[in-house]
2 protein chains.
Amino acid sequence: MNTLSYGLLALVSRKEASGYDLMLKIQPFWQAKHSQIYPLLGGMEEKGLLSAKWVQQTDKPDKKLYSITPEGTKMLHEWLSEPTSAPVMRDEFNLKCFCIHMADPAEVHRLFVERRKYHIDRMKYYKDIQESIPPEHRNPGHIAFEDYILLQKAYMRTKASVDWIDWVEELVGQWQPQA
Amino acid sequence: MNTLSYGLLALVSRKEASGYDLMLKIQPFWQAKHSQIYPLLGGMEEKGLLSAKWVQQTDKPDKKLYSITPEGTKMLHEWLSEPTSAPVMRDEFNLKCFCIHMADPAEVHRLFVERRKYHIDRMKYYKDIQESIPPEHRNPGHIAFEDYILLQKAYMRTKASVDWIDWVEELVGQWQPQA
DNA sequence: ACATTCATGTAATAGGTTACATGATTTC
DNA sequence: GAAATCATGTAACCTATTACATGAATGT
């Protein structure tokens, strides 16, 4: 059982869902392709952590709905009490920053402007999903509270990246007149 | 050539370094083990992007120092002009948050307190490295400026995580008396 | 007509971690 | 005497991405 499997199990524990549902739902918090998710769900079904049933749909293709089993719930509780791995962050932009000294200042500026726009777009993406949660569900005790606070975290961390870019551009702006 | 290879090439372009040096230097920005770094450096040497020489040391084991070649520098410039991949963030803590509804409140609180401490420690780690950079090198034009601003970014994003935890704990605190 | 969304799966490849392997020097 | 740091490398395994494969319905 890897970390992503536990994440999927946790999502199913909140509400029965298809692999496709889960793929979309987990995106903002863990980027995984369907080709990784489907086999993991199949494995958890085999292990008896999930049970599945096919649901026929008229307007859309049929789907396989997963539900958590008592054994699955037990696994989730065990996972929660185990030590939590350190977060992993991999950003090509950061590595490109190691080249500022050798790059054309205009290209560096383009890089920062481009990344700033990316972050601003992400902030809107997070806020839009967050605002779709009814205010009465934004309280501890509701399952939607989990989504509400996680989207807030993604928003706040992304905003920190924008604030950092503005801080860098200000530093560079203050310095250039002296050059 | 993958992203990590370019990051290593960028670091070598600033100053000749050993695999071990690079492993330590890149840690705060890209978590990679020595077992991944050594083969990548060997591959870039074969491709003629890096040149290497063995340096004998009396007090420590001998080391292999890498320098960038003109072809390596050319590759770096090409990389900078190519589109930058979106950052990837994977945090088990976020997935555990999907279980708040089913977990013991005391355990959830422990999870948050533990993670808060982790972030506070990381903030100190980033600040300590950043403060080791002489103030006169913290300006655009110096190579150390790149480290200075990247450490600031890591610090600001980590601080955002702490602020978020405090925001959540406040939300939960306001709600509990009504329960 | 063409792109997107919904829906599921497998195969091949690339990226990353853990374990294996060695060995000197320094610090507690 | 034990642990940590410095230093390099390979092998096995796990994780993740890209490509292959199919097909209906909806929107432009």
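Convention: sequence-line order gives letters A, B, ...; per-chain numbering from 1. Quick caveat, the model's predicted, so the values are computed rather than measured.
At least one donor-acceptor pair under 3.5 Å links the side chain of A:Arg90 to the backbone N or O of B:Gln31. Using a distance-only test at 3.5 Å, with no hydrogens or angles considered, a donor-acceptor pair links the side chain of B:Gln27 to the main chain of B:Ala32. In terms of modelled atom types and a separation under 3.5 Å, the side chain of A:Glu92 and the main chain of B:Ala86 share no donor-acceptor contact.
The distance between atom OH of B:Tyr20 and atom P of C:dT22, rounded to the nearest whole Å, is 20 Å. Going from atom CD1 of B:Ile37 over to atom P of D:dT10 covers 14 Å, rounded to whole Å. Atom CG in A:Leu22 sits about 15 Å away from atom C1' in C:dG9, given to the nearest Å. Rounded to whole Å, the distance from CD on B:Glu45 to P on D:dT8 is 12 Å. For B:Lys64 and D:dG9, the NZ to C1' distance is 10 Å, given to the nearest whole Å. Between the CH2 atom of B:Trp54 and the P atom of D:dT8 there is a distance of 6 Å, given to the nearest Å. When rounded to the nearest whole Å, the span between NZ of A:Lys63 and C1' of C:dT5 equals 13 Å. Nucleotide C:dG9 holds its P atom 12 Å from the CE atom of A:Met23, rounded to whole Å.
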Contact string for nucleotides 22-27 of chain D, one letter per nucleotide 5' to 3', B = base within protein heavy-atom range under 4.0 Å, S = sugar-phosphate only, - = neither, reads -B-S--
Reading nucleotides 11-19 of chain C from the 5' end, what letters show protein touch, with B for base, S for backbone sugar-phosphate only, - for no heavy atom under 4.0 Å? B---SBBBB
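For B:Arg138 and B:Asp147, the salt-bridge test fails: no basic side-chain N is under 4.0 Å from an acidic carboxylate O. For B:Glu16 and B:Lys53, the salt-bridge test passes: some basic side-chain N is under 4.0 Å from an acidic carboxylate O. Ion pairing between A:Asp166 and A:Arg116 holds under the 4.0 Å rule for side-chain N and carboxylate O.
Closest-nucleotide positions on DNA chain C for A:Pro39 and A:Asp62 were compared, and the one nearer the 5' end corresponds to A:Asp62. Comparing A:Leu40 and B:Asp21, the nucleotide of DNA chain D nearest to each residue sits closer to the 5' end for B:Asp21.
Cation-pi geometry between A:Lys63 and A:Trp54 is not met: the NZ or CZ atom fails to fall both under 6.0 Å from the ring centre and inside 45° of the normal.
The aromatic ring centres of B:Phe93 and B:Tyr118 sit 6.0 Å or more apart.
Between B:Tyr148 and B:Phe145, the ring planes are tilted. Angles from 30° to 60° get that label.
Residues B:Ser51 and B:Thr69 share a closest heavy-atom pair of N-CG2, 3.8 Å.
In DNA chain C, the stems built from three or more successive Watson-Crick or G-U pairs (distances below 3.5 Å) are C:1-28 with D:1-28.
Look at B:Tyr38 and you'll find a side-chain N or O under 4.0 angstrom from OP1 or OP2 of D:dT8. Between A:Gln57 and the phosphate of C:dA7, there is a side-chain N or O to OP1/OP2 separation shorter than 4.0 Å.
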Worked check of ring-ring contact (aromatic ring centres under 6.0 Å, His included) between A:Tyr6 and A:Trp30: CA-CA 12 Å; A:Tyr6 282 112; A:Trp30 196 285; over 10 Å; no
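By the 4.5 Å heavy-atom criterion applied to side chains, B:Asn2 and B:Leu40 are counted as neighbours.
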